[in-house]
Amino acid sequence: MAVNFACSFTALCCLALWSFTRTSGVTNVPPHSTIRPGSPVPVNTNSPGVRKAARFGVYRYNNSSNDLFLFKESQIKKAMVQIVRGLKYMLHVEIKRTMCEKRDHSSLDSCHFQRNKSLQRTLRCYFEVWITPWTHKVHIPVAHCH
């Protein structure tokens with residue numbers, strides 16, 4: 001019984017990974033790959049899941065910075081995803097200062113990048129964003145910007 005459960009669970013994990021890679025824009029995964037479930041895989045930087053995860057990372061940065069202005073993602077340089085208790089995104093993101101002051105705006109979608117040369121600032125960030133869709137929870141254990 002335990003062997004059948006283990007085989008079924010492994011098959012289910014493989015099916016979930018295969019299904020995820022087909023629908024989420026994962027790239028560079030050959031058809032007969034040795035990538036195992038739980039291993040990080042490259043993912044398309046324009047996929048909706050990656051863009052959403054990057055925005056969560058930016059929210060975390062904005063909430064922890066003392067800057068007067070909000071920052072917003074300008075480019076997602078590299079993205080990996082790992083299926084582990086949900087989806088763990090590992091992102092290299094470039095963020096830039098916007099014209100929106102923190103006290104005045106809550107939505108980054110309407111914020112434009114800073115035009116004043118003396119106020120422009122670009123940071124390179126690494127975010128790890130864990131999303132568990134079935135619990136509607138997001139956890140960002142790593143947010144490093146420089």
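Note: hydrogens, waters and symmetry copies are ignored here, and every other heavy atom, side chains too, is used.
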Would you sort out whether Q120 and K96 count as a side chain to side chain contact (heavy atoms under 4.5 Å, CB included), showing the intermediate values? CA-CA 7 Å; Q120 289 178 351; K96 292 184 178 181; over 6 Å; no

Smallest separation among heavy atoms of [X] and [Y], with atom names:
X: L91; Y: A79; answer: CD2-CB, 3.6 Å
X: E73; Y: V93; answer: CB-CG1, 3.8 Å
X: I76; Y: A54; answer: CD1-CB, 3.8 Å
X: M80; Y: P40; answer: CE-CB, 3.7 Å

Is there a continuous path of hydrophobic side-chain contacts, each under 4.5 Å between heavy atoms, that joins [X] to [Y]?
X: F69; Y: Y59; result: no
X: I83; Y: V81; result: yes
X: M99; Y: V58; result: no
X: L68; Y: L119; result: yes
X: V50; Y: W130; result: no

What's the separation between atom [atom1] in [X] and atom [atom2] in [Y], rounded to the nearest 0.5 Å?
X: L70; Y: T98; atom1: CG; atom2: OG1; result: 5.0 Å
X: R124; Y: S74; atom1: CZ; atom2: OG; result: 9.5 Å
X: D67; Y: Y61; atom1: CG; atom2: OH; result: 6.0 Å
X: Q82; Y: E128; atom1: CD; atom2: CD; result: 9.0 Å
X: F113; Y: I95; atom1: CZ; atom2: CD1; result: 9.5 Å
X: H144; Y: L123; atom1: NE2; atom2: CG; result: 14.0 Å

May I ask you to decide if the ring planes of Y126 and H92 are parallel, tilted or perpendicular, using 30° and 60° as cut-offs?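 If you compare the ring of Y126 with that of H92, the planes turn out tilted.
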
Check the side chains of T135 and T132 for a donor-acceptor pair under 3.5 angstrom, ignoring hydrogens and angles.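 T135 and T132 do have a side-chain donor-acceptor pair below 3.5 Å.
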
Does CZ belonging to R55 count more than 12 external heavy atoms closer than 6.0 Å? yes

Is N46 close to R51 at the side-chain level, that is, under 4.5 Å between some pair of heavy atoms?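 In short, these two side chains touch, coming nearer than 4.5 Å.
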
Taking only residues two or more places apart in sequence or in another chain, which ones pass ring pair (Phe, Tyr, Trp, His ring centres under 6.0 Å) with F56?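 Partners of F56 under the ring pair (Phe, Tyr, Trp, His ring centres under 6.0 Å) test: none.
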
